[in-house]
Amino acid sequence: MRTIQSKIFTAFGLVALAVILAVTMSAYYHSANTIRKNAIEYISASFRHADDNLQIMLRDIEQITNVVAINHHKVTDVILSPHYAPSYEWFEEKKEVEEFLASLIAYKSYISRIAVVGLNGKTYQSGYPLISNAILREPWVQDVMSENKVHFLFQATSNDSLSVARPLLMKGQTAGLVLIDFNREIIPIIYDIQPLEKSLIVLMDNNGNVIFRSDSQLAPEQILAVGEKNPIIDINGDSYLTVRFQSDYSGWVTIGMIPERELLSEVHIIRQQMIIMAAVVLLVVLFLSVLLSNQITKNLKRLRNAMKLVSAGHLSAKPNIRTKDEVGQLSQMFTSMMTNLQQLMEGIRTSERQKREAEYKALQSQINPHFLYNTLNTIKYLAHLQQAPNIEEVSSALVELLRNTADHNQEMITIRKELEIVRQYMTIQKYRSMETITLVFEVEDDQLLDCVTPKLVLQPIVENAIIHGLMRTNKPGLISIRVFRQNDLLKMQVKDNGIGMNAAHIESAIFDTKSDHSRDHPGGIGLMNVNKRIKLAFGEMYGLSIQAEPGLYTMVEMMIPMVKEGLRSDAI
């Protein structure tokens, strides 16, 4: 696929095929899911209806057991009477009880037998088959007797029997039980649900016993494989869609199994028709893609030929394309681009010339500091020749001060260098102020001198101490600089014996950009500048604090982390 035409043909074919497959599969799965959903809803509704009918019958049976249980005159009293067979009184009592039981189940075809069995062996019943007092020895009887409620029993009285039983109580004591057998022939009638041919219906009690199944060949393990998380199961090689419904009243579970082959038979026919239609549409799309690709590539080839001429150096070459489509717009943009390219090339030439001029000026500006150093050294040399030690000392101090402060690439320096800058500054300042100012250094540990600090943090503080503190008093000036460690922090204190500060001046000295310090000495850096640079370098928890007493002293304390010179890149 080296040509655009072949790529367009292939792309159209793949896109069309993908779209057709997506639409076809989406329609198929949507139809299949819709049919499955409708089938599930239909069967669930049918199960719910069947369960309602069964529930009506079971509630009716439960009501009958309640009537028998609470009728002490006709039932319980007779069971506890002293008359036994074959006495006449026993016969009369038996006749009366059984007529009463017969009246309760009259016209109820879903009841095959009702029986009352006393713990003393007396047995009364209406319906078939006959029952004896030997049933009291069955293991399920104890479960029925233990709770005064209705019990649903499966295979209790005989194989495949379905019974409802409850105990008979007399003054809190169990006297016997009431047993009603459900007519098994009613179950297939109630659950005669056949949404499709070969559908399977299973009814189980809450112990997993199969009460009813529409196909006697269905194995129990296949029934138990049906679960809420396994809606599709395989039975004898066929896939079945399963629906599970549990009765809120009896707890019985109804399971419906619908063969998917029968359920989706019409969907399979629709799928075959859609495949045929998709093949026809794909052929039409491929044919149209050939025609369209020919039309598109014709103008693209013209544009390619024009680009070849440009690459050969003919910048004025233009493609002859007059269409208004994207290729025509691309041709216009190419022509415009070539015009802009020529202008850009001219601009690059101008920019390169200006760049060379700027580099020349930058190199020339580097001469100025060296010229200043050389000039100061010359002054120093002349002062030495003229035996003017004060001028020589000031020149030397100024040269060193400029050398230490003019390097803008080094933002962090050691405490040792910072103290040296202060010494150089004081050397110059003592000739400027012409006053006696004593500078005292107190370093707790020489190892602290190797810790780093932002450049020019002590000199501004010392300068402020001289200008705003010592020059406004007549007494001899004293500035002490103390460097010490406090826990893991490094602290530096600059204290002077000048005029001091009040609370308002302390606040404005650090935080007010229009403080008296800035107005009095506009050329200085200021405490606010020092405080901000410390916070930017180390964090908001570090910076300056001031303690002062008016007329006595001012002490500026600086707090920074202890960072050795070799680790300063990690600290910032």
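All values derive from a computational prediction rather than experimental measurement.
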Kindly check if the number of other-residue, nucleotide or ligand heavy atoms within 6.0 Å of [atom1] ([X]) is above 12?
| X | atom1 | answer |
| --- | --- | --- |
| Q447 | CD | no |
| M277 | CE | no |
| D445 | CG | yes |

### Message
side chain to side chain contact (heavy atoms under 4.5 Å, CB included), that's the test. Do M492 and R482 meet it? Break it down for me.
### Response
CA-CA 6 Å; M492 291 183 283; R482 181 187 176 203; over 6 Å; no
Practice prompt. Please confirm whether R423 makes a cation-pi placement over F441, using NZ or CZ under 6.0 Å from the six-membered ring centre and within 45° of the ring normal.
Written response: yes
What pairs of donor and acceptor atoms, side-chain ones from residues 548-561 against any protein atom, are under 3.5 angstrom apart with sequence neighbours left out?
residue, atom, partner, partner atom, Å
E557, OE2, Q493, NE2, 2.7

| query | Please walk me through it: do I413 and I421 pass side chain to side chain contact (heavy atoms under 4.5 Å, CB included)? | reply | CA-CA 11 Å; I413 63 175; I421 291 174; 3.9 Å; yes
Check step by step if side chain to side chain contact (heavy atoms under 4.5 Å, CB included) holds for L490 and L448.
CA-CA 8 Å; L490 175 63; L448 300 179; 4.1 Å; yes
So, using ring pair (Phe, Tyr, Trp, His ring centres under 6.0 Å) as the criterion, who are the partners of Y249 when residues are at least two apart?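 F152.
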Side chains of [X] and [Y], heavy atoms from C-beta outward: is any pair under 4.5 Å?
| X | Y | answer |
| --- | --- | --- |
| I546 | L527 | yes |
| L419 | T414 | no |
| I466 | I479 | yes |

- Is it true that a side-chain atom of S508 and a backbone atom of A504 form a donor plus acceptor pair closer than 3.5 Å? yes
Verify, without hydrogens or angle tests, whether D496 (side chain) and G498 (backbone) share a donor-acceptor contact under 3.5 angstrom.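 Confirmed, D496 side chain pairs with G498 backbone.
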Exercise. Please report the C-alpha distance between I461 and V457 in whole Å, then the side-chain angles of each, then the deciding distance to 0.1 Å, and finally whether the side chain to side chain contact (heavy atoms under 4.5 Å, CB included) criterion is met.
Key: CA-CA 7 Å; I461 301 174; V457 292; 5.7 Å; no
**Message:** I'd like to know if E346 and R349 make a salt bridge, using a cut-off of under 4.0 Å between side-chain N and carboxylate O.
**Reply:** yes
